[in-house]
Amino acid sequence: MSSSEQSGKTAANHDHLDANTQRPEAAEEALRYTPGEIEPRWQQRWDADPGLYAAESHAGGKPKFYCLEMLPYPSGQLHMGHVRNYAIGDALARFMWMRGYNVLHPMGWDAFGLPAENAALKNHRQPEEWTLANIAAMRVQMRRMGLSYDWSTEVTTCLPEYYRWNQWFFLKMYEKGLAYRKQSKVNWCPECATVLANEQVINGCCWRHEDTLVEQRNLEQWFFRITKYADELLDGLDKLPGWPDKVRTMQRNWIGRSEGTLVDFEVQRASESAGQQVSEKQTITVFTTRVDTIFGATSVQLAPEHAVTKAFAASDPKLAADVAAMLEQQKAAREAGDIGAIEKHGVFTGQYAVNPFNAERVPIWVANYILADYGTGAIMSVPAHDERDFEFAEKYGLKIVRVIQPVGETEDAELPFLAEDDAVLVESGVFTGLGCVDAQKKMQALAAEKGFGKATTTYRLKDWGVSRQRYWGTPIPMVYCEKDGIVPVPEEQLPVVLPKQVEITQQGGSPLGRVPEFVNTTCPKCGGPARRETDTMDTFVDSSWYFYRYMDSKNATAPFAKEKADYWFPIDQYIGGVEHAILHLIYSRYWTKVMRDLGLIENDEPATRLFTQGMVIRNGAKMSKSKGNVVSPDEMITRYGADATRMYALFAAPPDRDLEWQEDGVAGVSRFLSRVYRLTMRYATYPPDVKSSAPAAEADLLRKLHQTIAKITQDFSGRWHFNTCIAAIMELANQVTAFEQSKNADKISSAAVTEIFHNLILLLAPFAPFLAAELWEQTGHEGVILRTAWPIANIELAREVAMEIPVQVNGKLVEVIKFPAGLDDLAVKEAAKLHEKVAARISGKQLVKEIIVTGKLVNFVVK
RNA sequence: GCGGAAGUGGCGAAAUUGGCAGACGCACUAGCCUUAGGAGCUAGCGGAGAAAUCCAUGGGGGUUCAAGUCCCCCCUUCCGCACCA
């Protein structure tokens, strides 16, 4: 190494070594790896340099990389899932920095939400105080981990300087008709004492309380019109190849677009057919995706909640009782958690409807498997061509009429026959003989022409209910005036500040309703007395756009400056848990589209690439307090150091797979770092002018080095198998150690020593930043390792000089033979044939075939 | 039920394209060293066998000179959706 690299601590250690020549073990002792000393020292230095992880201005025009990890809820404690998430993101951010990119790597807090209120109830602490204390504690943990966040951009969603922009967006969306208020049936969690969005209801239960059944309540609520973007949200998924298929599929299913037809069936009341006149005319509109099967419709099925069901029940006590029993049974099944297992059953209403396509009279039934809130809550039942309808018809002896046949088949298809596109219609009046697809179009045209139906598209996605009857969230910036009705708070009056010191209870509606100073206000329009909206916003509003705020987090006049967004967006890599595949990730995509249409940004999607890491499990189950298998990151860091902890999180499994946490494994990584430390420190004092006397061994080492550089560099650009990257670094270190112990150590050239250790430290930098920084300095390097160029593999040095060719006979391995690299196939083959073991296997037999894969393998096939 | 992912030593895993199955690490065994450390070093470590060799990637078939990898059938686990008409 050059003399300039032997300054500072290196020299001191050198002296120490010399002074202890009689006691080499003491010298080794002095080279003990002490993360407990190294890491806090570096953390202090990094903390003292606020610009260290700061991105450069967007105006510089440098290639950018926006690396984002999902912001945590400030529960007060990092868990291993966080550690893994951030270890992945941090390795990538550091790598991109070293590749010369302008990196934005921010962190923030999803700080509103119910746990703070629950903590307030339990501990009599105000939610704000509790939340801010948790944030402070978790920020310390993150710094301890050595994560490369630019804290100057930190975003905390519960602070007025952030949530005022939630309110601002709300007003803009109100202006555009994207935020609206309506009376509707909503999901109510009795445990949370608030309304939930559809996305927050899982198997009929609250997403926070898995055993608590969600109730349906009729309330007036604020909604965001996410359905306006349903098509774009769906179609946009095809333009996101950097997102996992799994997430895209889940979103596709959630949006649940289905193309179909609405068809009106006129009700023919029993009394009517008996010749009496009934004044009102009733129509049942059914939704079907297979209007081509309508000639096979042998009944109409209504949801028990359907308006026509209610109308019939009003004059039919027996039916009313049956329907009530049906609803009761559904409720019971939902409570028992086996709504899916419930048996299909129905009741005949005694009424008939007319199929407008063939004027046939079909019975109207009420059935428990018809969903009130999908389509129109009514269907036409075609038993011949639908499994459920078939089952139902068999059970109740309803007619089964075949109207579709597979094309080119002479025999009848087995029923129910679920027609594919290449089937044709039979027994379908003028449509007989048409293909299914063709028939659908022609039938839709006829229905539209005659006015008894039309083509339509339905979605499973519903508008996003955002009102929450809770305290700890963004106040909705609306007032209610007796004279002027709903009046938005003027923009210049923002933020509507959440009052402090509010009494939290879980009864009696929104806590803010009990704060007169908050509720009572004046109407912005007429100046008269008015009441503020006392509901707060769903916290998913906060997390739908937080990543835009990072790049301009102090902006007091706008959510962010457009030119910054133009430069930084879309996010290049978003990393987080798959549990957000629907909720957060669909809302974020929606919000981006709204912002685009408000002219705030140019991008259509928030993130180009999304990565969902696997869970951290222990003893076969996800780490959780209830399972008692939680390992605290703090404890790991105290015991083994942050480097070992985060490196283990990357080493134990590829990042997309679940990771089994084994503490012995962390100890193993710690031992490896310890070996690297001692190894590097021994060579830190290597004399500067040694010439190589073992060129072949030296070339072996340099080959391994450059192969390792190539492997890791390539992996970062896509595969992200950091477990094998770290294994490769271990192999490199092992090879250097083996070389040293082969007593050749004094024969390696100074230049090679410099090259090996210089690059070894750089390779380690994304995974073990503390140790890398320490060794970088100890080996006499100046400057920040993060700003040092990532090494470039030398292809010449990486090239193999020998090839080890497995030689098989009849596909079974006989021998591995070493040849000089590049030896031609014929020579390899002939030499292999002469090899003792191989010869023994093929002699006296007929050589049928010789297979040679250049540089890979030789196989002799004999008989 | 439908859809997706996975199944490889005692354990976490590796094997980018069909080409030496088990890299790297943990645990374990034996030995060395010692200022006795959650340390270091050496060797071993899929199974059977004294060995030659044989057997082994959830199970069963198949394609191929060659299969963890491709095709067909089945089993198990995890995840998502779950009457979506």
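We name chains A, B, ... by the order of the sequence lines, and we start the count at 1 in each one.
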_Does this structure show an ion pair linking A:Arg639 with A:Glu635, if we count only N-O contacts that are shorter than 4.0 Å?_
yes

*Ring centres under 6.0 angstrom apart (A:Tyr459, A:Phe287)*: no

*Do A:Gln662 and A:Tyr648 meet the criterion of a side-chain donor-acceptor pair at a distance under 3.5 Å?*
no

*Taking only the side-chain nitrogens and oxygens of A:Tyr369, find out if one of them lies under 4.0 Å from OP1 or OP2 of B:A85.*
no

*Name the nucleic acid region contacted by A:Gly256, choosing base, sugar-phosphate or nothing; use a 4.0 angstrom heavy-atom cut-off, strictly under.*
nothing

*Think A:Arg248 has a side-chain N or O under 4.0 angstrom from the OP1 or OP2 of B:G80?*
no

*More than 12 heavy atoms of other residues, nucleotides or ligands under 6.0 Å from NZ of A:Lys399: is that the case?*
no

*Given B:A13, B:G25, B:C65, the nucleotide with the shortest approach to the side chain of A:Asn859*: B:C65

*Around atom CD of A:Glu387, are there more than 12 heavy atoms of other residues, nucleotides or ligands at under 6.0 Å?*
no

*At under 4.0 Å between heavy atoms, what does A:Asp658 touch on the DNA or RNA strands: base, sugar-phosphate, or nothing?*
sugar-phosphate

*Among B:G25, B:A14, B:C65, find the nucleotide with the atom closest to the side chain of A:Val861.*
B:C65

_Using the side-chain heavy atoms of A:Gln714, tell me which of these nucleotides is nearest: B:C41, B:C83, B:U16._
B:U16

*Would you call the rings of A:Phe392 and A:Trp365 parallel, tilted or perpendicular if under 30° counts as parallel and over 60° as perpendicular?*
perpendicular

_It should be established whether A:Asn810 places a side-chain nitrogen or oxygen under 4.0 Å from OP1 or OP2 of nucleotide B:A66._
no

*Using atom P of each nucleotide, how far apart are B:C78 and B:C54 to the nearest Å?*
40 Å

*Glycosidic class, syn or anti, of B:G9 using a 90° window around 0*: syn

*asked:* Side chain of A:Arg460 only, heavy atoms from C-beta on: which candidate in B:C65, B:C81, B:C41 is closest?
replied: B:C81

*Using the C1' atoms only, state how far B:G62 lies from B:G9, rounded to an integer number of Å.*
28 Å

*Could you let me know what B:A85 is paired to, Watson-Crick or G-U wobble, both distances under 3.5 Å, or none if it's on its own?*
none

_Residue A:Asn734, side-chain atoms from C-beta onward, closest of B:C65, B:C24, B:A13_ = B:C24

*If the C1' atom of B:C26 is compared with that of B:A13, how far apart are they to the nearest Å?*
10 Å

*Given side chains that start at C-beta, do those of A:Tyr33 and A:Ile38 come closer than 4.5 Å, heavy atoms only?*
yes

*asked:* Applying the Watson-Crick and G-U wobble criteria at under 3.5 Å, what pairs with B:A52? Answer none if nothing qualifies.
replied: none

_Watson-Crick or G-U counterpart of B:A66, or none if no pair lies under 3.5 Å_ = none

*Considering only B:A23, B:A66, B:C83, which nucleotide approaches the side chain of A:Asn368 most closely?*
B:C83

_Selected nucleotide, minimal atom distance to A:Tyr374 side chain, candidates B:C84, B:A23, B:G19_ = B:C84

_Residue-phosphate contact under 4.0 Å: A:Gln741 side-chain N/O, B:U42 OP1/OP2_ = yes

Scan nucleotides 2-11 of chain B against the protein and return all N/O pairs shorter than 3.5 Å with their distances rounded to 0.1 Å.
unit_1, atom_1, unit_2, atom_2, d
B:C11, O2', A:Gln662, NE2, 2.6

*Please tell me which of the listed nucleotides, B:A15, B:G19, B:C24, lies nearest to the side chain of A:His721?*
B:A15

*asked:* Using OP1 and OP2 only, check whether a side-chain N or O of A:Arg671 sits under 4.0 Å from B:A27.
replied: yes

*asked:* Is it true that, when you exclude A:Lys395 itself, more than 12 heavy atoms of the residues, nucleotides or ligands shown sit nearer than 6.0 Å to its NZ?
replied: yes

*Hey, which of these two, A:Met250 or A:Asp386, hits RNA chain B nearer its 5' end, going by closest nucleotide?*
A:Met250

*When the C1' atoms of B:U64 and B:C71 are considered, how many whole Å apart are they?*
12 Å

*To the side chain of A:Ile379, which of B:A14, B:C24, B:A85 is closest?*
B:A85

_Separation of the C1' atoms in B:A23 and B:G68, to the nearest angstrom_ = 15 Å

*What do you reckon, are the aromatic ring centroids of A:Phe357 and A:Phe452 less than 6.0 Å apart?*
yes

*Report yes or no: does A:Ser670 contribute a side-chain atom to a donor-acceptor pair with the main-chain N or O of A:Val666 at less than 3.5 Å?*
no

_Whole-angstrom distance between B:G59 and B:U76, as gauged at atom P_ = 15 Å

_Can you see if the side chain of A:Asn253 gets near the phosphate of B:A82 - specifically, an N or O under 4.0 Å from OP1 or OP2?_
no

*Rounded distance in Å between the P positions of B:A43 and B:A50*: 26 Å

*A:Tyr640 near the nucleic acid: base, sugar-phosphate alone, or nothing, with a heavy-atom cut-off under 4.0 Å?*
base

*Salt bridge present between A:Glu830 and A:Lys833 (N-O < 4.0 angstrom)*: yes

*Whole-Å C1' distance, B:G4 and B:A82*: 14 Å

_Watson-Crick or G-U wobble mate for B:A27, both contacts under 3.5 Å_ = none

_Heavy atoms of other groups near A:Ile795 CD1, more than 12 under 6.0 Å_ = no

*asked:* Please confirm whether the ring centroid of A:Phe716 lies under 6.0 Å from the ring centroid of A:Phe722.
replied: yes

_When you measure from the side-chain N and O atoms of A:Lys856 to the phosphate of B:G19, is any distance below 4.0 Å, counting only OP1 and OP2?_
no

_B:G80 pairs with, by Watson-Crick or G-U criteria that keep both distances under 3.5 Å_ = B:C2

_Taking pairing as Watson-Crick or G-U wobble with both contacts under 3.5 Å, can you name the mate of B:G38, or confirm there isn't one?_
none

_Testing the 3.5 Å rule here: is there a donor-acceptor pair between the side chains of A:Gln251 and A:Thr249?_
no

*5′-ward residue of the pair A:Pro806/A:Thr458 relative to RNA chain B*: A:Pro806

*Among B:A14, B:C24, B:C84, find the nucleotide with the atom closest to the side chain of A:Asn723.*
B:A14

*Would you say the base of B:C83 and the side-chain of A:Lys344 have a donor-acceptor pair closer than 3.5 Å?*
yes

_For B:G38 and A:Arg32 - does any side-chain N or O of the residue sit under 4.0 Å from the phosphate oxygens OP1/OP2?_
no

*Give one of base, sugar-phosphate or nothing for A:Arg639, where a contact means two heavy atoms less than 4.0 Å apart.*
base

Measure all distances between protein nitrogen or oxygen atoms and nitrogen or oxygen atoms of nucleotides 46-57 of chain B, and list the pairs falling under 3.5 Å.
unit_1, atom_1, unit_2, atom_2, d
B:C55, OP2, A:Lys812, NZ, 3.1

*asked:* Should the side chain of A:Asp664 and the base of B:C26 be counted as holding a donor-acceptor pair, with the cut-off at 3.5 Å?
replied: no

*Report the base-pairing partner of B:U16 (Watson-Crick or G-U wobble, both distances below 3.5 angstrom), or none.*
none

